[in-house]
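The sequence lines fix the lettering, A, B, ..., with proteins before strands; numbering per chain opens at 1. FYI, side chains are in, hydrogens and waters are out, and symmetry mates aren't considered; it's all heavy atoms of this structure.
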There are 2 protein chains.
Amino acid sequence: MTLEEARAKLKTLQEKMAAYGHALGLLYYDGATTAPKATAANRGQTMGVLSEELYQLTTGEETVALLEFLDAHRTELDEREQRMVFLLLKDIRRMQKIPMDEYIAHQRLIVEAEDAWHTAKETSDFPLFEPYLERIFADTRKFAGYCAPDTDPYDYWLNEYEEGLSKARLDEFFGTLRAHIVPLLQKVCSAPQLDNSMVKGFFSVERQDRLSRRLMEVMGLDPTHVGLSTTEHPFTTSLGSHLDERITTHYHEDDFSSSLFSVIHEGGHALYDTGSDDSLAYTVLDGGVSMGIHESQSRFYENLLGRSRAFCDYLFPVLCEVFPDEMAGHSAEELYRALNRSEPSLIRTEADELTYCLHVLVRYELEKRVMAGELAVHDLPAEWNRLYREYLGVDVPDDRRGLLQDSHWSGGSIGYFPSYALGSAYGAQFLRKMKETVDVDGCLRRGDFGPINDWNRAHIWQYGCLYRPGELFEKATGETFDPTVYTTYLEQKFSDLYSL
Amino acid sequence: MTLEEARAKLKTLQEKMAAYGHALGLLYYDGATTAPKATAANRGQTMGVLSEELYQLTTGEETVALLEFLDAHRTELDEREQRMVFLLLKDIRRMQKIPMDEYIAHQRLIVEAEDAWHTAKETSDFPLFEPYLERIFADTRKFAGYCAPDTDPYDYWLNEYEEGLSKARLDEFFGTLRAHIVPLLQKVCSAPQLDNSMVKGFFSVERQDRLSRRLMEVMGLDPTHVGLSTTEHPFTTSLGSHLDERITTHYHEDDFSSSLFSVIHEGGHALYDTGSDDSLAYTVLDGGVSMGIHESQSRFYENLLGRSRAFCDYLFPVLCEVFPDEMAGHSAEELYRALNRSEPSLIRTEADELTYCLHVLVRYELEKRVMAGELAVHDLPAEWNRLYREYLGVDVPDDRRGLLQDSHWSGGSIGYFPSYALGSAYGAQFLRKMKETVDVDGCLRRGDFGPINDWNRAHIWQYGCLYRPGELFEKATGETFDPTVYTTYLEQKFSDLYSL
């Protein structure tokens, strides 16, 4: 095999992977948006077959030989090719270490666990889900042991979800958040509450849909490449490449702010994905590099921009057009206050900007302790409830609104949650850097996202997965990561809002 | 390989084929219903890769060896297995005879031709499309020559679309239709026209959507397995198996009858597909056996049932619920007349029950002559227009509303059109047989499709592709095919409606 032949094969391999990814992504998307109710098993059958085909493709002898050949010629490859080979080999080397039968059994466990979780959540029945969660944590520990016997199992998975991440780094990070946010929240809770009645009422799906389209337009999402659908739990997905992106939302007719921020949040993900350089399409470098950086973009648009005072100056007149009766007699300043009401609550996905990271903190502490064998799965609900009391000051009435609320663990994702909080904090530092050269508030007041998007594209989006998350962060900001930028931002914003 | 091993491999092969079919079908469906506008090339990339994978799977050495092994053990196989092997081998033997490079070039031609056709249709520019259509006809002839050198090329393709079909059979069939329908239509055109003003007005998409759901319910379509979406040109597709079926419609707010009959027509396709015995799922025997039988079901529900006097007794009160203002002062009898107004027109898909087959007749005569080398592609528009004048009595103003109206030829489907007319005629004979044991009119008046669907399921649907179309027809009716059953039905219905 010559290097040129290998390069051609590398291209073909990635095109095939993109095609299978497209099909699997579309099957998931269809299931979450359009498919008739009783078709999940039929879809599961197809996803099972195609996943197996993709697995054979990415881990088959021919692929391994190709990648090892390219790895041996590493120095002759350019930066992009080196990164492609690294990422592809990383997955293979993990897969090679996990016995095939255990991997398949685990995949089957996940399907059953998700099913059990759905039922358990509906009926708030943790004991039903408990044996599945036991096995998921056990497999997660075991697989980490196979892949990296000398590494702490939780550290292994943290690094899988966000290259470079570890318990040590997260302990410090979450320690900083806890030290600043918990006392800040206590002060907020003692202060007079902000009035958010202007976002409540009746807002028809049709009018909210019109608002969604306006928001996508102002954010600079190209409607010929980015679609909007409705679903139960909003998400974003790229199909095949960054050239076909789908965002989703969920309309609550009694409160327009839920979909408003879903659209802006998912729109942030979509901007990041679609901002990849076009030449990365159909390669493993296409799209966002990690969950942490992805959340840094989605939560950047949702909170740092979308919930800012400046953006409310732009947004309020738009709302007056879409909901003229409901907005009558209100102002941009009132809107700002309504959209920033902070209130300790039970559900992560509905949490406000200030309390959000505390929800993630609870999950981090719990999964870390279970992974370390310091906490039994059986005791998770009690610990969950205790920490919600301690950090958020709320009593969890049942497991449905407690540890059964999120699907991540049932899907086998242990070590994934921290990226949500990390992304929030990354975003604050990106914003500080961006403000050195971009009049962000001026842009937001005019509804001109161009210069903001240009900065993000130039410093973050265009690279796709070329750089490791930490490397990308440091290239973009010229600084090391400092979570106090985020906590300072929160302290200033909420002290001002609540006149602390 | 033991026979048991081969059986297991046959099962796996078909499951894989179903999975690729599911993915490709969903990609098409997504493109036609939901996908953002500028994502076709991205989707094409994925469909290209997956089609190639499916091609390798179905024609690869391992598959050929398996099927030939099974074919050699034919007598030890049961009826279903024999049919599976026959159908799978049939496709392979065709593919083996077409040189790979020519096949790939043809696939590429189709993609470009569809693109050219779109533009040509928009701008009514036949010369733009002409060279593509030339090459499509040339390839079609050439491939027939590779596959069946001793068979007439058009006969070859007719038999591919509908096993057992030939020019000789169709000449007789269309001869009968022409002899009865052309003079009948002339009489209809000389009689006073029926009033269809009650279906015109303003009918919002929301209300029409409500009507669609009611129709699907009364037809017995299970909403947990059959979805409804909107698209430009309505179609139906099974995804993975008959357990996930999608129908589509197109709402015209100025005339509710268009979507009304789209839903009933596509609903008929969906009933047929979803009526396959569940044990056929993930095999090549799942779903409808041919286009002709498929149209016999869709057009059966649309016309023989949906446009019947008895069904209008049920439908009118439903319409009064959905469109109370618009239906006020009208009656079921008026509805029956409005829905059966017959008028020679230009567009096949919008044609009424009486004129529909004449549109198909034109296409049959033209493609037959081009395939035989008796008519040049260049002369198609003039001939098209001449025949529309002769059979339908209308002048074609431009090619957009002439021979550029349908996508079939641009997609490489030559020999496909006749099945539309054939299905219409099959349906009339099914109905006559059904009426021997089912009180069809009584069922329709009550909106009780149960006994009708039961008959179709017992005699047609459950078998999937187990029997050849002609065999299935004769098993169901106990008769040979007789197109005068259909022409007699039309003569009675329209003589009565137009008091001839």
Minimum heavy-atom distance between A:Asp244 and B:Thr39, given as atom pair plus value: CG-CG2, 3.5 Å

Answer with side chain, backbone, both or neither: which region of A:Glu53 has an atom nearer than 4.5 Å to a non-hydrogen atom of chain B? side chain

Name the option with the most non-hydrogen atom pairs under 4.5 Å to chain B; the candidates are A:Val49, A:Leu26, A:Leu228. A:Leu26

Please check if any side-chain donor atom of B:Asn42 sits under 3.5 Å from a side-chain acceptor atom of A:Tyr282, or the reverse. yes

Return the option, out of B:Ser241, B:Ala281, B:Ala19, B:Gly48, with the maximum number of heavy-atom pairs under 4.5 Å with chain A. B:Ala19

Contact list (residues 205-221 of chain B to chain A, heavy-atom gap under 4.5 Å, by number) returns none

Could you give the distance from OG1 (A:Thr46) to OH (B:Tyr20), rounded to the nearest 0.5 Å? 11.5 Å

Taking side chain as everything from C-beta outward and backbone as N, CA, C, O, which of these in B:Glu15 sits under 4.5 Å from a heavy atom of chain A? Side chain, backbone, both or neither. both

Would you check, one step at a time, whether the test side chain to side chain contact (heavy atoms under 4.5 Å, CB included) holds for B:His22 with A:Leu27? CA-CA 9 Å; B:His22 189 159; A:Leu27 283 154; 3.3 Å; yes

Distance-minimising heavy-atom pair for A:Pro36 and B:Pro223: CB-O, 3.6 Å

Drop me the distance from B:Lys37's NZ to A:His225's NE2, to the nearest 0.5 angstrom. 11.5 Å

List the steps and the verdict of salt bridge (charged side-chain N to carboxylate O under 4.0 Å, His left out) for B:Arg246 and A:Asp30. CA-CA 12 Å; B:Arg246 309 296 171 92; A:Asp30 176 60; 2.6 Å; yes

Top residue by heavy-atom pair count (under 4.5 Å) with chain A, among B:Ala23, B:Ala35, B:Ser229? B:Ala35

Can you confirm whether B:Lys16 sits close enough to A:Leu50 that some side-chain heavy atom of one is under 4.5 Å from a side-chain heavy atom of the other? no

